[in-house]
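Report on one structure; see the data block that follows.
Just so it is clear, the structure is predicted and the values come from calculations on it, not from any experiment.
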Amino acid sequence: MKLEPELRLQILEKIGIYANRFSIPEPKVLLTTKEVLEMPKEMTEGRRTSAYKYYGVSYLQHNMIFINVRKIPDEKNLENTIVHELIHMRFPYLAHGKRFNKLVRQGIRGKTFAPYRKRK
């Protein structure tokens, strides 16, 4: 997809809505590989020069996500990627798998999640 100013606004709005539903602070959003490379190295460490390969990347320690709009083919995949990256933020202990994918599907369908709390 081409990153028009209107699309940028739509993405930021969706992220705000989903972040609210998932009870997480709204992350800083990067939408181009140029924006990723302009960030301090310590913030994007590990997924800096390889970010272009993915639809999205979560930088958990810095409450930041990268949505690779140019690589995403359509609106459905864009929505999926946004929810996917925000689920990483809400459930930092979960790796990709059945449970993770189930949470992504629930998030897309409108489920809200209580704030994350570490177990005692």
Side-chain angles (χ1 to χ4, degrees):
M1 298 176 77
K2 191 160 167 34
L3 185 59
E4 305 284 347
E6 191 178 316
L7 181 60
R8 179 181 283 272
L9 229 74
Q10 285 176 356
I11 291 169
L12 294 175
E13 191 177 1
K14 281 182 185 186
I15 288 173
I17 291 166
Y18 281 115
N20 195 17
R21 274 194 214 157
F22 300 167
S23 303
I24 57 173
E26 214 170 303
K28 176 165 179 46
V29 182
L30 309 174
L31 297 173
T32 64
T33 48
K34 185 177 184 231
E35 290 175 15
V36 172
L37 294 172
E38 285 171 352
M39 295 306 292
K41 281 189 172 133
E42 60 275 3
M43 290 179 85
T44 55
E45 210 168 12
R47 288 273 183 273
R48 185 173 175 77
T49 54
S50 64
Y52 72 92
K53 296 178 187 176
Y54 305 101
Y55 279 0
V57 177
S58 294
Y59 301 99
L60 294 175
Q61 303 87 338
H62 302 285
N63 191 36
M64 188 167 63
I65 61 173
F66 167 55
I67 305 291
N68 194 354
V69 179
R70 285 182 61 202
K71 192 167 178 70
I72 297 173
D74 55 40
E75 197 86 22
K76 188 174 187 275
N77 278 297
L78 176 62
E79 186 108 9
N80 221 2
T81 303
I82 289 169
V83 172
H84 177 105
E85 298 310 329
L86 292 175
I87 290 289
H88 277 303
M89 304 302 246
R90 171 55 185 81
F91 299 94
Y93 49 86
L94 268 185
H96 294 137
K98 280 184 181 174
R99 181 153 181 250
F100 182 87
N101 292 334
K102 182 182 176 188
L103 290 168
V104 170
R105 286 193 305 274
Q106 287 176 338
I108 288 171
R109 284 198 301 265
K111 181 169 179 166
T112 59
F113 299 102
Y116 171 63
R117 288 193 324 265
K118 285 191 176 179
R119 290 186 179 161
K120 295 177 183 177

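Between Arg70 and Thr32, every side-chain heavy-atom pair lies at or beyond the 4.5 Å cut-off. The side-chain heavy atoms of Ile87 and Val83, taken from C-beta on, include a pair separated by under 4.5 Å. The side-chain heavy atoms of Lys34 and Glu38, taken from C-beta on, include a pair separated by under 4.5 Å. Inter-residue side-chain proximity for Lys2 and Leu7 is flagged as unmet; no heavy-atom pair is nearer than 4.5 Å. Using a 4.5 Å heavy-atom threshold, the side chains of Ile65 and Leu30 count as separate.
In the model, Asn80 has no side-chain atom that pairs as donor or acceptor with a side-chain atom of Asn77 under 3.5 Å.
Taken to the nearest 0.5 Å, the CD1 atom of Ile24 stands 9.5 Å off from the CZ atom of Phe91. Distance check, rounded to the nearest 0.5 Å: CE of Met64 to OG1 of Thr44 gives 6.0 Å. Here CG of Leu78 is found 4.5 Å from CD1 of Ile11. Values are rounded to the nearest 0.5 Å. To the nearest 0.5 Å, the span separating CD on Gln10 from CD1 on Ile82 amounts to 9.5 Å. From Phe66, atom CZ reaches atom CG of Leu31 across 8.0 Å, with rounding to the nearest 0.5 Å.
In this structure, the side chain of Ser58 engages the main chain of Glu85 through a donor-acceptor pair within 3.5 Å. Without hydrogens or angle criteria, Glu45 side chain to Lys41 main chain gives no donor-acceptor distance under 3.5 Å. Under a 3.5 Å cut-off, the side chain of Tyr52 and the backbone N or O of Lys71 do not form any donor-acceptor pair. With Asn68 contributing its side chain and Tyr54 its backbone, the two residues share a donor-acceptor pair below 3.5 Å.
Here the closest non-hydrogen pair linking Glu26 and Asn63 is O-ND2, 3.4 Å. A pairwise comparison of heavy atoms in Ile72 and Ile67 identifies CD1-CG2, 3.8 Å as the closest pair. Of all heavy-atom pairs between Met39 and Arg48, the closest is O-NH1, 3.2 Å. Residues Pro27 and Leu86 come closest through the heavy atom pair CG-CD2, 3.7 Å. A pairwise comparison of heavy atoms in Arg90 and Phe113 identifies NE-CB, 3.9 Å as the closest pair.
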Kindly list each side-chain donor-acceptor pair under 3.5 angstrom involving residues 12-20, sequence neighbours excluded, with atom names and distances?
{"from": "Lys14", "atom 1": "NZ", "to": "Glu75", "atom 2": "OE2", "distance (Å)": "3.3"}
{"from": "Lys14", "atom 1": "NZ", "to": "Glu79", "atom 2": "OE1", "distance (Å)": "2.8"}
{"from": "Tyr18", "atom 1": "OH", "to": "Glu79", "atom 2": "OE2", "distance (Å)": "2.4"}

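By the ring-ring contact (aromatic ring centres under 6.0 Å, His included) test, Phe100 pairs with His84, His88, His96, sequence neighbours left out. Shown here are the side-chain hydrogen bond (donor to acceptor under 3.5 Å, both in side chains) partners of Arg105, two or more places apart in sequence or in another chain: there are none.
One finds no salt bridge joining Glu4 and Arg8 here, because no Lys/Arg side-chain nitrogen approaches an Asp/Glu carboxylate oxygen to under 4.0 Å.
Val36 and Val29 are not part of a single hydrophobic cluster, where members link through side-chain heavy atoms under 4.5 Å apart. Taking hydrophobic clusters as Ile, Leu, Val, Met, Phe, Trp and Tyr residues chained together by side-chain heavy-atom distances below 4.5 Å, Tyr55 shares a cluster with Leu94.
Here the two rings, on Phe22 and Tyr116, have centers that are 6.0 Å apart or farther.
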| message | Please determine whether side chain to side chain contact (heavy atoms under 4.5 Å, CB included) holds for the pair Val104 and Ile108, giving the CA-CA distance in whole Å, both sets of side-chain angles, and the decisive distance to 0.1 Å. | response | CA-CA 6 Å; Val104 170; Ile108 288 171; 4.1 Å; yes
